[in-house]
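The structure appears below as structure tokens.
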Protein chains: 2
Amino acid sequence: MTKKTTIYDIAKKLNITAATVSRALNNNPKISKSTKEIVLRTAAEMNYEQNKLAQALKNGKSFNVGVIISRIDSNFFASIIRGIEEELFNHGYHVIICQTNNNENMEAENINTLLNAQVDGILMSISNIDIDKNDAFKRILNKKIPLLFFDRKKSIPGISSITIDDFSAGYKATQHLIDEGCKRISHLTVDRNFEIFRDRFLGYQKALSDNNILFDESLVIETKSNIEAGKDAAKKLLKLKNPPDAIFSSSDFSALGAIQEIKAQGIRIPQDICVVGFSNEPFTKFMELSISSIDQSPIEMGKTTARVFIEQVKNKEKYIEQKVVLDPTLIVRKSSSRK
Amino acid sequence: MTKKTTIYDIAKKLNITAATVSRALNNNPKISKSTKEIVLRTAAEMNYEQNKLAQALKNGKSFNVGVIISRIDSNFFASIIRGIEEELFNHGYHVIICQTNNNENMEAENINTLLNAQVDGILMSISNIDIDKNDAFKRILNKKIPLLFFDRKKSIPGISSITIDDFSAGYKATQHLIDEGCKRISHLTVDRNFEIFRDRFLGYQKALSDNNILFDESLVIETKSNIEAGKDAAKKLLKLKNPPDAIFSSSDFSALGAIQEIKAQGIRIPQDICVVGFSNEPFTKFMELSISSIDQSPIEMGKTTARVFIEQVKNKEKYIEQKVVLDPTLIVRKSSSRK
DNA sequence: TTGTACGCGTTATCAT
DNA sequence: ATGATAACGCGTACAA
């Protein structure tokens, strides 16, 4: 193994000092054109390679950014990360990913290890509704490095977030179902302690009241975001004396489960029951009975998150909180088209 | 902002030297129990936080691992990364992800920036069939840090890889179609310069010949791995004088496109044409006409890749090349079940 | 068991 | 324009 060459080696070879070499390598103006040239040339000859670690230690800037999500193997989160990585790559940053599996302790641990690794910022979709009471969280604030929430945010003064308008999304989905003639609209929600799920629920409620439809608590079911939970929810709904004629689900996966159960019971979609999901996972489009859903433009969400981060590192002094709210798009497919 | 506390600060407070503090913090045996205790206690009191960057510079070990893939927003790659991250987390490593979009230059650039960032290893699915001729690639070898291929590998002596048995997968899929009574079996392949696609093709060929079915070049179509390409391929196939009665695709996405085109032309699946895809993407299971596919157990593949990496860093001297070959599983669904 | 002194590779602040 | 030196925060061989 050839020992790695440092700026010292190349300085020795040229009978100059390491400082000069460093200047040549960093486009420092205080250097003559000639020496700069020869330094760059011999650097190339000696296969010199920057040690970003040493730079990071010296400059207090690692050019690493931590991204924390619950899990990466869902199209929604994977797409966000795609957007983040693509955008940050252009600015020389690397993306470190961490998964919490929705576990609060994992989330705290991930924050701590990221901070110890001296990341320049943390972008996260929260797994803990009380994150602001968490010590690890406070460490981020203390360090004064940018912290950004995307998707699962918590509204905290001074902390920027990038989300879609979940209230509007819930409203749009519900209004659409009403427009299709549905009158008893169920809502499959997830933990409403998270703002995104509460907002979708509130949008749903508002659309109902705007259309003079009485809100019926028994039509709201809290589920996990998976197929089995969707089936269970549908079973409950179909047992009601007065079952729903539509389901708006905060998750594509529970929407799919509900659809499977409904069809298994011989009930027709969309004629008897219309269904709208959430997130526009690829399968919703591919199915023969394609599923209507809310598109959250995750790649754009990721890119935007990255851009806000870049802005914040550039204006470290005059940091301004940004609450970016992207527009959700209702995508109407067969599961809710009665025309 | 409270200035970050270093081992120096805590040494000063205790009237000892930084070296002793370091020893206390690193379970160094050369220290008394009593001083160790008090150091740890005051470290906690002063909110001391390890600077992994400084450690990394000193020890030549960053505890960061680079993972390079074409893109993260496919369930297959996302699941692999999930497996890698989960496994590596337990060993204190962070995962840096890089996407190439199948661009060779991006791949080389990613390698270079990862090396400059002093990662302890690189795990990658290659985007360049001539990667071994690449300078960036040679840099990895020179640095003597572990390099592992997963999925899209290239067989290079001394380099470990974790893949499924693609030949066997191609064979299994084809044999299954033959068992269902198909006689003219088409194959949608991707760039056969990549070993995985060539192996799947070879397995397909072998199954044909083992069953005394004549190989027909006109039934093999090279496509991209997306829906449109699948549609185009199906159009070509259906125009043949003697169209196929089965399609084995190296990609679930082109399989889906083919299915859409076939159905659009009023041809029945599986009665007229059976279809088998590859990768077991979630949508293949969810569709009403569920799609048979080959499962590559991506999470397991990721975990295995991580484990092999850990082994290699632990036995840096007696490094032994490992070629792990996981077993593919044929998952038979409606698109190829005629019973 | 503890302290001293130096090095990891780089950059920034002084001089010259 | 260039050189000398210190510093980033930590770990360790050597000496005490």
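In the text below, chain A, chain B and the rest are named by the order of the sequence lines, each starting its count at 1.
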Specify the separation, in whole Å, of atom CD of A:E49 and atom C1' of C:dT10.
15 Å
Could I get the full list of side-chain contact (heavy atoms from CB on, under 4.5 Å) partners for A:V313, not counting sequence neighbours?
A:Y93, A:P146, A:F309
Which is more 5' along DNA chain C, the nucleotide nearest B:K36 or the one nearest A:A19? Just name the residue.
B:K36
Heavy atoms under 4.0 Å, any strand shown: does B:N28 hit a base, just sugar-phosphate, or nothing?
nothing
Between C:dG7 (C1') and A:D9 (CG): distance, integer Å:
14 Å
Rounded distance in Å - CD1 (A:I16) to P (C:dT16)
21 Å
Would you say A:Q99 and B:E86 are linked by a side-chain donor-acceptor pair, where the criterion is simply a distance under 3.5 Å?
no
Euclidean distance, atom CZ of residue B:R23 to atom C1' of C:dT1 [Å, nearest integer]
8 Å
Roughly how many Å is it from CG in A:N51 to P in C:dG7, rounded to a whole number?
17 Å
B:K13, NZ: over 12 other non-hydrogen atoms inside 6.0 angstrom:
no
Tell me, please, whether A:F137 has A:K133 positioned over its six-membered ring: NZ or CZ under 6.0 Å from the ring centre and within 45 degrees of its axis?
no
Base, sugar-phosphate, or nothing for B:T20, non-hydrogen atoms under 4.0 angstrom?
sugar-phosphate
Compare every heavy atom of B:K153 with every heavy atom of B:S161, then report the nearest pair and how far apart it is.
OG-CD, 3.5 Å
Would you mind reporting whether B:T163 and B:L326 have side-chain heavy atoms less than 4.5 Å apart?
no
To 10°, what angle do the rotation axes through the five end pairs on each side of the helix from C:dT1-D:dA16 to C:dT16-D:dA1 form?
40°
Closer than 4.0 angstrom, basic N to acidic O: yes or no for B:E195 and B:R152?
no
Map A:Y8 and A:S34 onto DNA chain D by nearest heavy atom, then report which one ends up closer to the 5' terminus.
A:S34
If you look at every heavy atom in A:Q296 and A:M301, which pair is closest and at what distance?
O-CE, 3.8 Å
Out of C:dA5, C:dT2, C:dT10, minimum distance to the side chain of B:I31 belongs to C:dT2
Rounded distance (Å) that lies between atom P of C:dT10 and atom CZ of A:F63:
16 Å
Say you draw a straight line from CG of B:L148 to CD of B:E321; how long is it, rounded to the nearest 0.5 Å?
10.5 Å
Send over the distance from A:Q50 CD to C:dT10 C1', rounded to a whole Å.
10 Å
Nearest-nucleotide comparison on DNA chain D, the residue closer to the 5′ end among B:K30 and B:N59:
B:N59
Students should find that the nucleotides of DNA chain D closing off the region near chain B, any atom under 4.0 angstrom from a heavy atom, are D:dG9 to D:dA13
Closest approach to the side chain of A:T6, judged atom by atom: which nucleotide of C:dT1, C:dG9, C:dA12 is it?
C:dG9
Just call it for B:S32: base, sugar-phosphate, or nothing, with non-hydrogen atoms closer than 4.0 Å on any strand.
sugar-phosphate
Which residue lies more 5' along DNA chain C, comparing B:L57 with B:N15 via nearest heavy atoms:
B:N15
Do A:K58 side-chain and C:dT10 base share a donor-acceptor contact under 3.5 Å?
no
Once you round it to whole Å, what is the distance between P of C:dG9 and CE of A:M46?
13 Å
Walk me through it: do B:V21 and B:Y8 pass the test side-chain contact (heavy atoms from CB on, under 4.5 Å)?
CA-CA 8 Å; B:V21 176; B:Y8 249 86; over 6 Å; no
